[in-house]
Amino acid sequence: MDLQPENDHVPSPPLISDRVLINGVVTPLTLTADGELHWTESCRRKSTTEKEILSFVVEGNKVRVKTLVERRGSICCGGSGGDYARKDFVFEPLYDESRKLWCDELRQQLQSLGRPRRLLVFVNPFGGKKTARKIFLEEVKPLFDDADVQLDILETKYQLHAKEMVKSMDLSKYDGIVCVSGDGVLVEVVNGLLERADWRTALKLPIGMVPAGSGNGMIKSLLDPVGLSCSATSATVTIIRGHRRSLDVATISQGTTKFFSVLMLAWGLVADIDIESEKFRWMGSARFDVYGLQRIICLRQYNGRILFVPAPGFESYGKPASYHVDTESSVSDKTQGYQGPDTNLEDMEWREIKGPFVSVWLHNVPWGAENTLAAPNAKFSDGFLDLIVMKDCPKLALLSLMTKLSDGTHVHSPYASYLKVKAFVLEPGARIDEEDKEGIIDSDGEVLARGRKSYKCEEKALMSYDKLQITVDQGLATLFSPE
């Protein structure tokens, strides 16, 4: 609730204006059509805006307006406090009829904002430093309670649990889905929605993220551009306010097998760091830095080839190529769910880059983790993926390049190619120095394919370590967004 200095702002028309008691003093109070409350206290004009109001309750003769005011605080993902502090405003109408009128107008004003009233919440107690349950109970739930948002809470018990639930349950009673986790549960939710028979309707349901994992790339990408810290409080307020934005979804195909990605795909150095560092998961996001140094010292390079359809303005990258779509990849044995974009890939202008590669990295949003600005030019719904390719790179230069991931300047390195693509094909190969060993293909923090003698190669993966195809659907999913 900020003090409002005199300015040239023209106030909106009042919905209701009356004299009330504030701290025992009779004071004029006005609610405007823009949802602002104006009053005078201690000879100073004060007001609270629509976005600061969470809800209100009647306490005897008094009305308590629950508000959340902005402040600047922690910049650490998952930290407490963040950019907001709770501060209530209490007033007492002089008459019963006046109190009823105030309550009716406040209620109608809040209802007109289109905010969520009932949410399905997934809490992943196993992600990152295993603090999701604590974050939810201490920082998230109290705010939802103050905003009168009803919650149905489910703790995930195993990998793909959220996907299974979303795919089969009745979602019609919810105004959105919330993931208190890292990015993994978000990916499960999107894949579950896309495998529903009513996927068109289901995808209109907005998804919100609260940072409680190792990566937190999606929520960081949402909050950072508007100057909000990547905290549980800022994320929860974003969901409460109910603004929405669309999100591109990439369909990764191999034969009839499909996976829907909303964050990234990596092969080579980035994938090896992302997946093999899970042995240090107890370290939180620091695990990526520690294991990244180890991987650069013992650098691997991989044979292979990538093909891509460049976005306008990026046609100079690579060399001309043709691409033949396997007949099998256009036919699915699924009876329901989304089958990927209906795009004639063979008629597109394809380009190619041949290996060996240090790293191939596709990104849908700017941040890959809370401290990794992987693709600074990525947009949420531009219909393109950002591609970062590294080939020959000396170890010292690579170490310097990796230290620039926090501000995105790594893409300006002469050893990195940075472009936007509409479609992409990966043909992964073996290590150049050990041809009996292959790599890992990582999408959204999970293993998509494991090659021969790779990390945990005995474990089953969704796809084989072979050619895969990626296409993009513009604005297919929906997110809660700060603006």
Side-chain angles (χ1 to χ4, degrees), residues 34-35 48-57 65-68 70 82-84 86 106-124 132 135-156 162 165-166 169-181 183 185-186 188-190 192-193 196 198-212 218-219 221-223 226 228 230-247 262 380-381 475-483:
D34 287 342
T48 185
T49 63
E50 157 211 292
K51 69 178 184 178
E52 292 174 333
I53 299 175
L54 295 174
S55 66
F56 71 94
V57 292
V65 180
K66 300 179 180 181
T67 69
L68 201 69
E70 276 197 53
D83 300 296
Y84 301 93
R86 284 279 286 107
L106 284 168
R107 187 176 298 108
Q108 290 178 23
Q109 186 66 28
L110 288 171
Q111 289 175 348
S112 71
L113 301 177
R115 292 178 175 179
R117 306 313 309 159
R118 187 171 184 178
L119 296 168
L120 173 63
V121 180
F122 287 104
V123 179
N124 176 17
I135 289 171
F136 175 72
L137 292 175
E138 295 182 4
E139 301 178 50
V140 178
K141 189 175 184 297
L143 283 174
F144 281 132
D145 290 343
D146 283 337
D148 284 341
V149 179
Q150 298 180 29
L151 305 177
D152 287 352
I153 305 159
L154 296 173
E155 281 200 0
T156 56
M165 295 296 293
V166 166
M169 68 189 304
D170 177 16
L171 299 175
S172 61
K173 58 187 175 182
Y174 298 113
D175 300 314
I177 300 173
V178 176
C179 308
V180 185
S181 67
D183 294 313
V185 173
L186 164 67
E188 289 189 25
V189 168
V190 170
L193 293 175
R196 294 172 62 98
D198 65 344
W199 60 269
R200 289 182 179 86
T201 301
L203 281 174
K204 296 177 182 178
L205 199 64
I207 306 168
M209 287 74 62
V210 176
M218 184 63 75
I219 188 61
S221 296
L222 285 164
L223 297 177
V226 295
L228 292 174
C230 188
S231 68
T233 299
S234 297
T236 306
V237 173
T238 292
I239 297 165
I240 289 171
R241 289 178 177 169
H243 299 300
R244 296 159 172 80
R245 77 182 309 156
S246 57
L247 175 69
V262 293
F380 284 92
S381 55
L476 190 62
T478 308
L479 299 176
F480 283 115
S481 173
E483 61 177 21

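At distances below 3.5 Å, not a single donor-acceptor pair connects side-chain atoms of T478 with backbone N or O atoms of L205. The closest donor-acceptor contact from the side chain of R245 to the backbone of H243 lies at 3.5 Å or more, if one exists at all.
Looking at heavy atoms from C-beta onward, V210 lies out of side-chain contact with E139 at the 4.5 angstrom threshold. Between E483 and T238, the closest side-chain pair of non-hydrogen atoms is not below 4.5 Å. Side chains of F136 and V178 form no contact here, defined as non-hydrogen atoms less than 4.5 Å apart. Proximity of Y84 to S231: side-chain heavy atoms (C-beta onward) are nowhere separated by under 4.5 Å. Between R118 and D152 there is a side-chain heavy-atom pair separated by less than 4.5 Å. In this structure the side chain of L186 never reaches within 4.5 angstrom of the side chain of S181, judged on heavy atoms. F144 has its side chain within reach of I240: a pair of non-hydrogen atoms, C-beta onward, lies under 4.5 Å apart. You'll find the side chain of L68 stays beyond 4.5 Å of the side chain of E52, heavy atoms only.
Salt-bridge annotation for K51 and E70: present, with a side-chain N of the basic residue lying under 4.0 Å from a carboxylate O of the acidic one.
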Stepwise, does the side-chain contact (heavy atoms from CB on, under 4.5 Å) test hold for N124 with C179? CA-CA 8 Å; N124 176 17; C179 308; over 6 Å; no
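Between M169 and L120, the shortest heavy-atom distance links the atoms SD-CD2, 3.6 Å. Listed here is the closest heavy atom pair of E188 and A162: OE1-N, 3.1 Å. The two residues R115 and R241 have their closest heavy-atom pair at CG-O, 3.6 Å. Between I53 and V65, the shortest heavy-atom distance links the atoms CG2-CG1, 3.8 Å. Looking at every heavy atom in both residues, L171 comes nearest to R196 through CD1-NH1, 3.5 Å. Closest heavy-atom contact between D175 and F480: O-CZ, 3.8 Å.
The structure places CE of M218 at 4.5 Å from CG of L247, a figure rounded to the nearest 0.5 Å. Atom CG of L106 and atom OG of S55 lie 10.5 Å apart (nearest 0.5 Å). Rounding to the nearest 0.5 Å places CD1 of I239 at 7.5 Å from CE of M209. To the nearest 0.5 angstrom, L119 atom CG is 12.0 Å from I207 atom CD1. Taking OG1 from T233 and CG from L143, the interatomic distance works out to 5.5 Å, rounded to the nearest 0.5 Å. Rounding to the nearest 0.5 angstrom, the gap separating the OG1 atom in T156 from the CE atom in M165 is 11.0 Å.
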